[in-house]
Every structure is written in C-alpha cells, then in structure tokens.
Colleague: 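Please find one structure pasted underneath; my questions will follow.
Every heavy atom of this structure was used, including side-chain atoms; hydrogens, water molecules and symmetry mates were not. By convention in this document, chain letters (A, B, ...) are assigned in the order of the sequence lines, proteins followed by strands, and residues within each chain are numbered from 1. Worth saying up front: this structure is predicted, and the values here are computed from it rather than measured.
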There are 2 protein chains.
Amino acid sequence: MGGRAASAAGTGPAPTSGPANGTASNGSVSNGTPAGAAVRITDALRADILGGGLRPGERIRQEVLAERYGASRLPVRDALRALEAEGLVVLVPNTGAWVAKLSLDECQEVYQVRERVEPLLLSMSVPRLEQDALDRLLPLVEAMRGADHVEEFLALDREFHMLTYSGAETTMLGELVERLWNTTQHYRRAFALLGTERTARGIHLEHELLALAILRGDAEDAGRVLLGHIRTTRLELSRHPEVFHVLDGA
Amino acid sequence: MGGRAASAAGTGPAPTSGPANGTASNGSVSNGTPAGAAVRITDALRADILGGGLRPGERIRQEVLAERYGASRLPVRDALRALEAEGLVVLVPNTGAWVAKLSLDECQEVYQVRERVEPLLLSMSVPRLEQDALDRLLPLVEAMRGADHVEEFLALDREFHMLTYSGAETTMLGELVERLWNTTQHYRRAFALLGTERTARGIHLEHELLALAILRGDAEDAGRVLLGHIRTTRLELSRHPEVFHVLDGA
DNA sequence: CAAACACAGATTGGATACATTTTCAAGCCC
DNA sequence: GGGCTTGAAAATGTATCCAATCTGTGTTTG
C-alpha cells in the first residue's frame, strides 16, 4: 500500500488524490465513482441520454432500468442520483425521475456560464499542452470539415474542444465544463441539424482560428476566440427557438 | 397540483409530461424538504460540515450517522452521495467517506471560477433586485463592521452576497455559486481568523463599494468591484498557505 | 532483522421485502 | 353533464440481511 495512506495519526486516505483527471479522452467521466455495479449503470444511462436514446422530458422508471441492466433498483437509484448531480436527470421526491429538459432561457444561461468558464480552463491548459495534443488539433479541424453526419460532427467537436483542455490539471473546473457540455448535448444536436451552411462555415473558421492561436501558444488570444465562438453559438441559438419547441412537442 | 403550467401549450399527454424542467417542481413538494428522511439527513450533515462540526479530511462512517439520526444506513448513503455531488464529501468505493479537503491549488481554482461566474450572476441580479433587498444592503455592511465573532461575520458576509444575487432568476448558476461557496467554507473561516486588521478594513471598503454600485444600479461597475473583491481574497489567501497546513495537520 | 504473505476484522455494496406516498380512474353528488 | 370524492394500483422510499472488498495486524521466511 502506498505510504500516502500512512494515516497513523492523520485521517483520510487521499481524498483529493488522483492524477488531476482532466477532461480529455471521451469515454466515461468516472468522477466520484460510486461503486462497481452502480457506476456501470450510471455510465450506460449517461451514454443513453447523451446518445439520444432517452429524450428530454421522458420519464425514467426505476424498475424498467433495474430489469434492463439485470440489477436491483438500488444501484439504479444511485445512478439516477449521480446523473441528477450532473444535471442530466431531474428527481422529484416520491414521484419519479425524468430526463432533464432545458428551456431556452436555461440553455442560454448554460452558454453564458460557458463563455466565462471555458476560456479560463483553456488558459490553464494551453501552456501545458502535450505535443501529441497539438499535433492532433488541425487534423481534427479538417475532419470536422469533412464530417457528414451530425453525430460524427458532434463527436469530433467534443473531441477537439476537450483536447484543447487536456493540458489543464484541474480537479473541479474540468468536471464543471464537462457537465455544462452534457446538459446541452440534445440542443447542440438539434442545433447542428438546423444549422445553415453559412453558420457551419463560420464555425469551421472559428475552430481553425482557435487551433492556430493555441499552436502559437497565445493563451489570451485563444481565450478570446473561444469566448467569441461560444457567444456566437449562443446568439445563433437564440434565433432558433424552434429547437426547443420541437423537443417539447416530442 | 397543476401549479406547473406547461410552458409550451398543453402539449404533453400525461405520459411524457413531467417536472423535467429544472425549476418546475410539484406544487406540493418544494424541492427543499419533502419530508424524506434522506433529505433531512443530507441537510443535517451539510450543516454539520459547514458549521465546522466535521472538519476536512475527517472520516465519516455510515453506521455512526445512521445511529445518530435514528435511521438506516440507506438514507445515510443517499445523503453522502448527494453531498458528494455538492463537493462536500469524497467517496471512495468500498472504502469509505471523508469530508472533502481542498489543497491550496484547488481552493485557488474555486476562487478563479468564482471571479468569472459571480459577476455574471450579479449582473443578472442587479436590474431586478427588490426594494427590500436594496434597503438591507448598507445595514448589512454596517453589521459586518461591527461583527465580533468569526461565525457572525461569516454568516453576515454570506447573507450580504446572497442578497446581492437574490434578483437573479437562475436555475443552475445560483446553485453553482452556492456550491462554490460551500466547498470553501472551512477555508474562509480559517482565513477570517488569520486576517489582519488591514485586510479586514479593505474587505469592508470593498463591500461598501459593492453596495453603492448596486444601489446606483450600475451592474457593470458592481461586477468589476465584485471581481476585484474575490481576486483580492484569492491573492491574500495565496499568501497564507498556513491555513491549509493547519487543516492538513489537524 | 526486514519484507512479503496471509488471515481476521471491519466496512461498504447490493438484493429482497415491506411501508408510505402519489397517481389514476371509476363512482357519486350537485 | 361536470366537478369532486374515494378507492385501488403503481411507483418510490426505507429497513433488514447477506456478499464482496479493503484495511490492519500478525506471522512467516529470506
């Protein structure tokens, strides 16, 4: 056992240990890692929600999930609670669970927070980015240009931005940003579907500009570009309220 | 019931309707205290941690809490999980739970996020502050000047800042800010104990300046003052690493 | 004498079963 | 015929019990 647990007099094993789980690498979050089986259900459910298998406003029944994942209702409840903490599920006591649904105002609120928070994370990341990460930036931009399906673009977009954050050794800010991304996943998808050719070109340009600033090592300029990128998306989104009506009606 | 009128014209057939919206909770059940045992334990534990009854790094045993609150271990587990989501507790699978402990770097990270996020929340709040809230600002500043005990000052400080945010109709940003405050509660207390007379005077001046800007209705200037206030505290904190050593050693 | 192994104790994680609360639908009264 | 009350059914919250895992100590061996 590691000496760091030498808690003869001290307390706690290493509460804040962990190699600064950045936000890189797609895959599961495994933030607090509840437990063995519960965490598997949590990951599966999150993937289901993010992938579109469960749509906003849809009801979630514990028994159904318990049977689907071959477990009891207890780990399912733990999973729902964990996802509620991530903002993906809404639990109402003695009533039930629903997939979180954002209104237009709430979605804009998320984007406003992202405008303030992600440039900070980026500025923490840029000075410490690995060479491998830098080498992958422009290819990802090109891949996004060539993406045909919405899902492919979304995955590449996520990978690109998370890669730009992979240099930050943060414990909380990275998780916060990932949560903000997850909660707006449905709307990003719907927005990408409605996006015009003109806005798409603008997005690609912003991505390339961001990559160039990062490659230059100019964290401040990169932060400015990123702020503009998120802001542009937010304003564009505010001009397409039908995104939310569609989801509400479904 | 029926308090929550579906925002989008009565779209929802019963099955897909539900309080998936973050703010919309059932009329009868206020998301705060639905009389569930788990929620009561959660609140009690949070108060215990924030109040200093449980110190950072201290171990939490489920059985002890179960007996203390006269309940089973299950609602205790739920409470720990909820508090983990708030960042107040750290859970290690199959091992145990500890009161969250922040390193100096992590604490500064929280403050940096606060610098970005709280001015935004303030700018959303200032234009819609009630007259009652405005009338209470300067008296609170004066009360802080006269506060003798640290606990009294901390309570007034929290009340003052939360009052400045009371005009914001947010669903997520407000909770985020409250979480950030809670996770640094221990360190704010320790810092207040170590604060010199000179820093105390500066804090009071900043508070008064902030109150005046808010009363003037100048949201932008208020945001600037608030940013400086948080930044000053962060820099001051970085000059007192003994705060963390004391807590680590204890 | 020190380090690795193994066992015992303790603590958490999960499954089953029961009590409580809410919801839905039929029936009754106005 | 419409609105309200009442009843049953379903879903959630909780308690108790059992299994899996980790910590810590004692022993053994080089």
Colleague: In whole Å, what is the span from the CH2 atom of B:Trp98 to the C1' atom of D:dC22?
Modeller: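 It is 10 Å, rounded to the nearest whole Å.
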Colleague: For B:Glu115, enumerate each residue passing the side-chain hydrogen bond (donor to acceptor under 3.5 Å, both in side chains) test, keeping only those at least two apart in sequence or located in another chain.
Modeller: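 Partners of B:Glu115 under the side-chain hydrogen bond (donor to acceptor under 3.5 Å, both in side chains) test: B:Arg231, B:Arg234.
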Colleague: Assign B:Ala38 to base, sugar-phosphate, or nothing according to its heavy-atom contacts below 4.0 angstrom with the strands shown.
Modeller: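 Contact class for B:Ala38: sugar-phosphate only.
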Colleague: For B:Ser125 and B:Leu121, indicate whether the former's side chain and the latter's backbone hold a donor-acceptor pair under 3.5 Å.
Modeller: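 No, because the side chain of B:Ser125 does not come within donor-acceptor range (under 3.5 Å) of the backbone of B:Leu121.
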Colleague: Want to settle it: does B:Ala97 or A:Arg73 sit nearer the 5' end of DNA chain C, counting the closest nucleotide to each?
Modeller: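 Comparing both residues, the 5'-ward one is B:Ala97.
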Colleague: Taking only the side-chain heavy atoms of B:Thr95 (C-beta and beyond), determine which of D:dC22, C:dT22, D:dA11 contains the nearest atom.
Modeller: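 My answer, after comparing the listed nucleotides, is D:dC22.
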Colleague: Would you indicate, yes or no, if D:dG13 has its OP1 or OP2 atom less than 4.0 angstrom from a side-chain nitrogen or oxygen of A:Gln62?
Modeller: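 Yes, such a contact exists.
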Colleague: What is the separation between atom CZ on B:Arg59 and atom P on D:dT23, rounded to the nearest whole Å?
Modeller: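 Taking atom P of D:dT23 as the reference, CZ of B:Arg59 is at 9 Å.
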Colleague: For A:Leu80 and D:dA11, what is the distance between atoms CG and P respectively, to the nearest whole Å?
Modeller: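 In whole Å, D:dA11 P and A:Leu80 CG are 14 Å from each other.
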Colleague: For A:Phe191, is the NZ or CZ atom of A:Arg188 found under 6.0 angstrom from the centre of its six-membered ring and inside 45 degrees of the ring axis?
Modeller: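 The answer is no, since A:Arg188 fails at least one limit relative to A:Phe191.
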Colleague: Mind checking if A:Arg61 touches a base, just sugar-phosphate, or nothing, with heavy atoms under 4.0 Å?
Modeller: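 Sugar-phosphate contact only.
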Colleague: Between A:Glu63 (CD) and D:dA9 (P), how many Å, whole number?
Modeller: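 Rounded to whole Å, this separation is 16 Å.
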Colleague: Starting from P on C:dA15, measure out to CG on B:Leu74 and report it in whole angstrom.
Modeller: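 Atom CG in B:Leu74 sits about 12 Å away from atom P in C:dA15.
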Colleague: Under the criterion side chain to side chain contact (heavy atoms under 4.5 Å, CB included), which of B:Leu80, B:Leu50, B:Thr42, B:Asp48 is the partner of B:Leu88?
Modeller: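 By the side chain to side chain contact (heavy atoms under 4.5 Å, CB included) criterion, B:Leu88 pairs with just one of B:Leu80, B:Leu50, B:Thr42, B:Asp48: B:Leu50.
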Colleague: What's the CZ-C1' distance between B:Arg40 and D:dT14, to the nearest Å?
Modeller: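 To the nearest whole Å, that distance equals 12 Å.
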Colleague: Could you tell me the separation between the CD atom of A:Glu67 and the C1' atom of D:dA11, rounded to a whole number of Å?
Modeller: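 Roughly 15 Å, once rounded to whole Å.
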Colleague: Quick test of your reading of the model: are B:Arg81 and B:Asp78 salt-bridged, counting only N-O distances below 4.0 Å?
Modeller: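 Between B:Asp78 and B:Arg81 there is no salt bridge, as every charged N stays at least 4.0 Å from the carboxylate O atoms.
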Colleague: Please give, in whole Å, the distance from D:dA11 C1' to A:Leu91 CG?
Modeller: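 My rounded result for the distance is 13 Å.
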Colleague: Using a 4.0 Å heavy-atom cut-off, does A:Arg77 contact any base of the nucleic acid, only the sugar-phosphate backbone, or nothing at all?
Modeller: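 Since a base atom lies under 4.0 Å of A:Arg77, the category is base.
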Colleague: Let's see if you can work this out: which of D:dT16, D:dG13, C:dA15 has an atom nearest to the side-chain heavy atoms of A:Asn94?
Modeller: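 The listed nucleotide nearest to A:Asn94's side chain is D:dG13.
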